[in-house]
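Presented below is the structure to which this report refers.
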Protein chains: 2
Amino acid sequence: MIAQRPNKRATISDVAKLAGVSISTVSRVVNETAPVADETVQQVRHAIETLDYTPHAAARTLAGRRTGTIGLLLPEISGAFYAPMLRGIEAGALEAGFDLLIHASSAVLQERGNGSLPLAEHNVDGLLVFTDRLTDSEISRLYRRGFPLVLLHRTPPAGLDIPCVTFENKAGTRRLIEHLIIAHGCRRIGFLAGPDGNEDSYWRELGYREALAAHGIPLDPSLRSVGAFDEEQAEAAVAAWLRQGIELDAVFGGDDEGATGAIQALQRAGRRVPQDVAVAGFDDVPFARLMTPPLTTVRAPIEMAGQQAASQLITLIQGGESDSSTLLPTELVIRRSCGCA
Amino acid sequence: MIAQRPNKRATISDVAKLAGVSISTVSRVVNETAPVADETVQQVRHAIETLDYTPHAAARTLAGRRTGTIGLLLPEISGAFYAPMLRGIEAGALEAGFDLLIHASSAVLQERGNGSLPLAEHNVDGLLVFTDRLTDSEISRLYRRGFPLVLLHRTPPAGLDIPCVTFENKAGTRRLIEHLIIAHGCRRIGFLAGPDGNEDSYWRELGYREALAAHGIPLDPSLRSVGAFDEEQAEAAVAAWLRQGIELDAVFGGDDEGATGAIQALQRAGRRVPQDVAVAGFDDVPFARLMTPPLTTVRAPIEMAGQQAASQLITLIQGGESDSSTLLPTELVIRRSCGCA
DNA sequence: GGGCTTTCTGAAAGCGCTTTCAGTATAGCA
DNA sequence: TGCTATACTGAAAGCGCTTTCAGAAAGCCC
C-alpha cells in the first residue's frame, strides 16, 4: 500500500533567502523581466536548483492575471476526427507558446451545482469551444464578460460577435451528391443526419437538398434518417431502412463514421457496396482510405481548422483582432465506395 | 473583425459590498462551510446573481491549496484506444467530484525552457501519467515532492513506490499466440513490437516468446519488427518482410492498430487474410469487430483501467492508501482474422 | 564637480480567496 | 437569575507570486 506524505514545496522566499536576495530579484531572474547582475543570476539559479523550486502556477496567475494556457471544451474524445483536430490545435497553441488544456466531458457541463464551467475563465486565458453541450446562454455569459472565445464547428448565438471556424459543408456535400447523381446515376440517396442540432449536419443536409433539386430529383422524406455521426447508430438506421424495404441506390453517411456504419448494415443484409448501393462519407478521416471498399468522401481540413481556431483565439487573448468567421474549403475525394473504379 | 474588450469580473468583495456583509460570509455561503442565517444567504445569493459572480479558481487554489482537479498526461490523442480510456478516467474522476484536465502533447514536455511540466503540480491535485515521454527523472522529481501520481500502463522507475495500473499483457499474448499455434498450426509468426521502450510491448513480446518456447518453435529474429502501435508503420514493416521474401503464416500486430496495418500490407501484396496469413491484434478496440475480416485479438479492459487509475489517484490525494500495482486481466477474443470460422 | 541617465535591487502593495480567531447575540439549562 | 452552549458574523492573516515605486550605485556628459 502506498500513502501520500505531503511535502513542502520551496517558495520564492525560500529561494530568495538562500540566495541572499529579495523575492523581487528572484522573480526577475525567473521571468527575465528586468536586468539582473550576472553574479546575482548565478546565485539565484543555484538556489533554485538546490531547492528544486518551481513557481506555483496559481499564485502566478493570481498575481499576473494570465495563465499562458488555452482551454478546449469538447464533448467526448473518440472517433478518428479528433486526432487531426487536436494536432492542429496544439500546433496553433505551441506556436504562440501557449499550453493546451482539454476538458472532455459530456456529462459534467450541465450538472455542476455552482453552474460554473470547469476550466472556463479560470485556469485558462481563453476557450476553444467544440461542443453542442455548451448552451447558448453559457456562451453568451462568457462572451459578455469579455472572455476570449472561439467556436469550432458551430456558429455563435444570434447577435454575438464570436469568431468561429467551420467547414464549407454545404458546397462540399452538394458536390458529393452531384457526383453520385451524375457519375453513378443514383436517384434514391439515403441521407443520414448527424446528432440533433449539429450544425455541420444542418449544412450538409442543405447541400444534399440542393443537389437533388438541381437535378430534378424529388425529396423523399423516408430517405432521411439519423446516424448521429456514430457508427452504431448509422448501422441501425440503415438496417431499419432495409427492413422496411425502402429502396436505395446510395447512402450518404453524414460523416465517415456514419458511412462505415452504413456499409456494415448493407453488407450484413447482403447488399454489395458499391455494386448494389453506393456509400459516401464526409471528413476523410485517416481510416477512410483503408476501408473495404475505400471510402468516397469529402475531405475536410480538420487539422487546419484546429490550427486556425487556436491562433485566432490567441490573437484575441493578446488583444488583437480576429475575423468573425472562417469558412474552410472542402474537397471531393473519390475512391471506390461510390462505384468509381 | 472582432476585438476583445476586457471586462472586470466581480470579486468576492463586490458581492460582499452589495450584500452588505463581509467577504468571509460570502465565502461561507459559496462553500457552505459554516452556518449562515437564511436571510443573509438570500442577500448574498441575490448579489451573486446580479453581479454574475464566479469565484476565481487561481485565488481559490492559492488560498485553499487544492484544485479539485486531476490531470492526465498523454502523448497524443489518436487511435481507438483513447476513447474508452478517457471514458473510464472521467468516470472515476466524476464519481469523486473531481474535474479532469488533459494535457495531450508529445513535443511540449521536453522542450520547455523552464523544465516545468504544464499542469503538473500546478493546476491539479494529482497526475495520471500515461506516456513514455515523461522521463524517469521527471517522475521521481514529482514523486519526491509528494505529488500524488498514478502511472497508467507503465511501471515506476526503480525504487519508487508509485501506484500503477497495467494489463496482463504477457499471459494474454501467450494465450493468443498459442491459439495461433495450436488451432491453426502456425509456426512462423511475425511479431510487431510497439514503440521503443513501450512496456506493454515488452511484456507482449515475452508472452510471444513463451508461447513459442512452450511449443518448441525456435525464435527467429527476422520475424521481429517494429510496428510502433501505428497502422502506417506496421504496414511498412510487414511490407518490408514481404519484399524480403520472409515466409510468414501469421502476424501478431502488437496491438489492433498494428494488426490493421499488417492486414493492409498483406492484402496489398495479394495475400489473403486469414487463408494465407493469419493476423491478430491486442486491445479489442471498438473497430476490431468491424474489420474485414473481423479481428482476433486480446480484449483489454481499457475503460476499467482508466477508472481504477483515476480512483486510486483520488484516494491518494485524499490522503488514503493505494495498492502499489494493479494488474488487470485480459481475455482472448477469437474472430475470423486468425482463420477461425 | 554637478547633473544626468542607466543598471541593479529591495520594500511593499496587492491579486481574490480561505480560514482562523475573536467576538456578539441568542437560546438552553440549572 | 446567572452561566454556558450555540448560531452567526467580521477582521485579519496569509496563500506565493508580479509589479510598481523608489533608491543606491555607477557611468556619462559638459
Side-chain angles (χ1 to χ4, degrees), chain A residues 6-45 47-48 51-69 114 116 121-123 125 145 147, chain B residues 6-45 47-48 51-69 114 116 120-125 145 147:
Chain A
N7 206 324
K8 287 271 97 44
R9 343 182 358 186
T11 72
I12 196 171
S13 352
D14 298 329
V15 175
K17 210 166 298 167
L18 182 60
V21 299
S22 73
I23 61 165
S24 332
T25 301
V26 176
S27 174
R28 281 177 196 121
V29 351
V30 170
N31 301 297
E32 306 182 12
T33 50
V36 175
D38 274 1
E39 199 192 349
T40 316
V41 172
Q42 298 311 322
Q43 292 170 30
V44 173
R45 288 257 162 78
I48 288 178
L51 293 175
D52 194 15
Y53 164 77
T54 13
H56 189 289
R60 233 170 171 171
T61 303
L62 188 54
R65 27 203 150 301
R66 49 168 179 37
T67 64
T69 304
N114 54 15
S116 84
E121 22 172 4
H122 290 324
N123 302 306
D125 293 336
R145 296 196 173 201
F147 192 76
Chain B
N7 207 322
K8 288 271 99 41
R9 330 176 18 177
T11 73
I12 198 172
S13 351
D14 297 331
V15 175
K17 209 166 298 167
L18 182 59
V21 299
S22 74
I23 62 166
S24 332
T25 301
V26 176
S27 174
R28 282 177 194 119
V29 352
V30 170
N31 300 299
E32 306 181 14
T33 50
V36 176
D38 275 1
E39 199 192 349
T40 314
V41 172
Q42 298 310 324
Q43 293 169 29
V44 173
R45 289 257 164 76
I48 288 178
L51 292 176
D52 194 15
Y53 164 78
T54 13
H56 189 289
R60 234 170 171 171
T61 303
L62 188 54
R65 28 201 148 301
R66 49 171 178 36
T67 64
T69 304
N114 54 15
S116 82
E121 23 171 6
H122 290 324
N123 304 305
V124 298
D125 293 335
R145 297 195 173 200
F147 191 77

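Naming convention: chains lettered A, B, ... in sequence-line order (proteins, then strands); numbering from 1 in each chain.
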Exercise. Quick one: on DNA chain D, does B:Gly20 or B:Leu62 contact a more 5' nucleotide (nearest heavy atom)?
Worked result: B:Gly20
Problem set entry | Within residues 31-44 of chain B: residues closer than 4.0 Å to DNA chain C (heavy atoms) | B:Asn31
Problem set entry | First encountered from the 5' end of DNA chain C, between A:Ser24 and A:Ala63 | A:Ser24
Problem set entry | A:Ser27 side chain vs A:Ile23 backbone, donor-acceptor pair below 3.5 Å |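 Side chain of A:Ser27 to backbone of A:Ile23, a donor-acceptor pair under 3.5 Å: no, none is there.
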Which heavy atom in [X] sits nearest to a heavy atom in [Y], and how many Å separate them?
{"X": "A:Thr40", "Y": "A:Val36", "answer": "CB-CG1, 3.7 Å"}
{"X": "B:Thr67", "Y": "B:Asp125", "answer": "N-OD1, 2.8 Å"}
{"X": "A:Arg45", "Y": "A:Val29", "answer": "NH2-O, 4.4 Å"}
{"X": "B:Arg9", "Y": "B:Thr54", "answer": "NH2-O, 2.9 Å"}
{"X": "A:Leu18", "Y": "A:Leu51", "answer": "CD2-CG, 3.9 Å"}

Distance in angstrom units between [X] [atom1] and [N] [atom2], rounded:
{"X": "B:His56", "N": "C:dG14", "atom1": "NE2", "atom2": "P", "result": "17 Å"}
{"X": "B:Arg60", "N": "D:dG16", "atom1": "CZ", "atom2": "P", "result": "19 Å"}
{"X": "B:Asp14", "N": "C:dC15", "atom1": "CG", "atom2": "P", "result": "11 Å"}
{"X": "A:Ile12", "N": "C:dG10", "atom1": "CD1", "atom2": "P", "result": "12 Å"}
{"X": "B:Ile23", "N": "D:dG10", "atom1": "CD1", "atom2": "P", "result": "11 Å"}

Exercise. Does B:Ser27 put a side-chain nitrogen or oxygen below 4.0 Å from OP1 or OP2 of C:dT18?
Worked result: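 Result: yes.
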Problem set entry | Under-4.0 Å side-chain N/O to phosphate OP1/OP2 contact, A:Thr11 with D:dG16 | no
Exercise. Can you find an N or O donor on one side and an acceptor on the other, under 3.5 Å apart, linking the side chain of B:Arg28 with the base of D:dG10?
Worked result: yes
